[in-house]
Amino acid sequence: MNTQASAVVIGGGVMGASIAYHLAAAGVRDVVLVERDELASGSTSRAAGGVRAQFSDELNIRLGARSLEAFGRFHEEFGYDIGLHRVGYLFLLSTPEEVASFERSVELQNSLGVPSRMITPKEARRLSPLIRTDGLLAAAFSPDDGHCTPETVVHGYAAAARALGARVLRHTEATGIELRGDRIAAVSTTLGRIATDTVICAAGPWSRAVGAMAGVDLPVVPLRRQIAVTEPLAEPRPDLPMTIDFTTSLYFHSEGPGLLLGMSDPEERPGFATDTHDRWIPALYAAMERRAPALLDLRRTGGWAGLYEITPDHNALIGEATSVSRFLYATGFSGHGFLQGPAVGEVIRDLYLGRVPFVDVRPLSADRFAADAPRPEANLV
């Protein structure tokens, strides 16, 4: 293969597929997306599928809310049923510091049109009957949030991008970026050379290596996170919100007749391993016993591991490099990439076209770390 492209998008997860679609829908010709494996085979297909706008950072609130709108019309717009369940997100808060932080977040969210609210422990248990309220001080809830099926979102965007003329190359690995001075000239792949003056990195945990091909530092490290799935509940709970014990990071939501659940593992070290192990189970069970002992009675029937793409301040990298022309990036989402995929596709489209995006993402530039201007996000799981 020796071809030309207006832009080469590297990475076939939700970010890459959304970006390819939004570029093609805007009339950009010869968009090429390269994915070294199958579409959605990386972090996207291994996500918990949560979608929300309950963040502490105004940019993340806006990106989350815009994406919720897109998820809401996805079936009608693309013909793909993404299994969207608008059951809400419920954050359980056990310390005065957590309560104060979420009160500030809810106030900011409300000012931006997000219908979140602080509720009592009794109200939290009514929404999520599997929890115990011992030690709970309050909770935060937004009914517009929920969860859906990540890989279906990717395939919907990819199919729409193809229909608009974009090329989607699966099993095609980007192996290098050819520069002429400070300008991009081509992308080398396992299928051949693609002449282009624009590369868009949407490679998730592998973004640092892609950036290095162009001499761009993208401070992203991979971190394994595990998810477990349980046997069916004796009493199905299709309206169960995504429930998060913020102190321990234990979370769960309905998945078919059973539950999907997980939590962070402080013993995990950065790396690309995605095999599963049981070293996290004692901590998981301790968190269940503390906050949702009913979960201990459910047998685990499966699970998987995937990679978070972590940045130093646990916030995204979105922008365009200043050291080389034109290298754009959307990565480092630290666990909330899937839920922001639709909105970030719009933003990258506008940056590519020289338009003003609906939200100013300059504070999320990768250059912020060199400028000692981190942008921390507090509402992380």
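Values below: all heavy atoms of this structure, side chains included; hydrogens, waters and symmetry mates excluded.
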Any link between [X] and [Y] through a network of hydrophobic side chains (Ile, Leu, Val, Met, Phe, Trp, Tyr) touching at under 4.5 Å?
{"X": "L261", "Y": "L233", "value": "yes"}
{"X": "Y308", "Y": "L284", "value": "no"}
{"X": "V221", "Y": "F272", "value": "no"}
{"X": "V9", "Y": "I318", "value": "yes"}
{"X": "I184", "Y": "L33", "value": "no"}

Practice problem: Take H147 and E255 through the side chain to side chain donor-acceptor pair (under 3.5 Å) test and state the conclusion after the steps. | Solution: CA-CA 10 Å; H147 55 88; E255 183 78 358; 5.1 Å; no
Are [X] and [Y] close enough for a salt bridge, meaning some N to O gap below 4.0 Å?
{"X": "D30", "Y": "R167", "answer": "no"}
{"X": "D57", "Y": "R375", "answer": "yes"}
{"X": "D245", "Y": "R290", "answer": "yes"}
{"X": "D367", "Y": "R362", "answer": "no"}
{"X": "R208", "Y": "D217", "answer": "yes"}
{"X": "R237", "Y": "E235", "answer": "yes"}
{"X": "E35", "Y": "R170", "answer": "no"}

Exercise. Please state whether the rings of H22 and Y157 are parallel, tilted or perpendicular, taking 30° and 60° as the class boundaries.
Key: tilted
Practice problem: Hey, can you tell me if F74 and F78 have their rings parallel, tilted or perpendicular (30° and 60° cut-offs)? | Solution: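 Plane angle between 30° and 60°, so tilted.
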Could you check whether any side-chain heavy atom of [X] comes within less than 4.5 Å of a side-chain heavy atom of [Y], counting everything from C-beta outward?
{"X": "T247", "Y": "E98", "answer": "yes"}
{"X": "V347", "Y": "L63", "answer": "yes"}
{"X": "L136", "Y": "I131", "answer": "yes"}
{"X": "L68", "Y": "V114", "answer": "no"}
{"X": "V187", "Y": "V34", "answer": "no"}
{"X": "E309", "Y": "F333", "answer": "yes"}
{"X": "L351", "Y": "P357", "answer": "yes"}

Exercise. Take S142 and S116 through the test side chain to side chain donor-acceptor pair (under 3.5 Å) and record every step on the way to the result.
Key: CA-CA 4 Å; S142 179; S116 54; 5.2 Å; no
Quiz item: Less than 6.0 Å separating the ring centroids of Y89 and F141?
Solution: no
Practice problem: List the steps and the verdict of salt bridge (Lys or Arg N to Asp or Glu O under 4.0 Å) for D313 and R368. | Solution: CA-CA 10 Å; D313 60 5; R368 69 183 184 267; 2.8 Å; yes
Quick one: does NZ or CZ of [X] land under 6.0 Å from the six-membered ring centre of [Y], within 45 degrees of the ring axis?
{"X": "R225", "Y": "W280", "result": "no"}
{"X": "R73", "Y": "F71", "result": "no"}
{"X": "R66", "Y": "F358", "result": "yes"}
{"X": "R326", "Y": "Y352", "result": "yes"}

Practice problem: Verify side chain to side chain donor-acceptor pair (under 3.5 Å) between E231 and T301, making sure each step is shown before the conclusion. | Solution: CA-CA 6 Å; E231 66 182 338; T301 59; over 6 Å; no
Practice problem: State which residue, out of I119, L240, I244, fulfils the side chain to side chain contact (heavy atoms under 4.5 Å, CB included) condition with L90. | Solution: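 Passing option: I119.
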Quiz item: Can you find a side-chain donor-acceptor pair between E377 and N315 that sits under 3.5 Å?
Solution: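 No.
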Quiz prompt | Residue pairs fulfilling ring pair (Phe, Tyr, Trp, His ring centres under 6.0 Å) with at least one residue in residues 93-140, sequence neighbours excluded | solution =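 Checked against ring pair (Phe, Tyr, Trp, His ring centres under 6.0 Å) - neighbours excluded - the pairs reaching residues 93-140 are F91-F102, F102-F246.
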Quiz item: Looking at residues at least two apart in the chain, or sitting in another chain, which of them share a side chain to side chain contact (heavy atoms under 4.5 Å, CB included) with A5?
Solution: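 Result, side chain to side chain contact (heavy atoms under 4.5 Å, CB included) vs A5: V8, V32, I194, T196.
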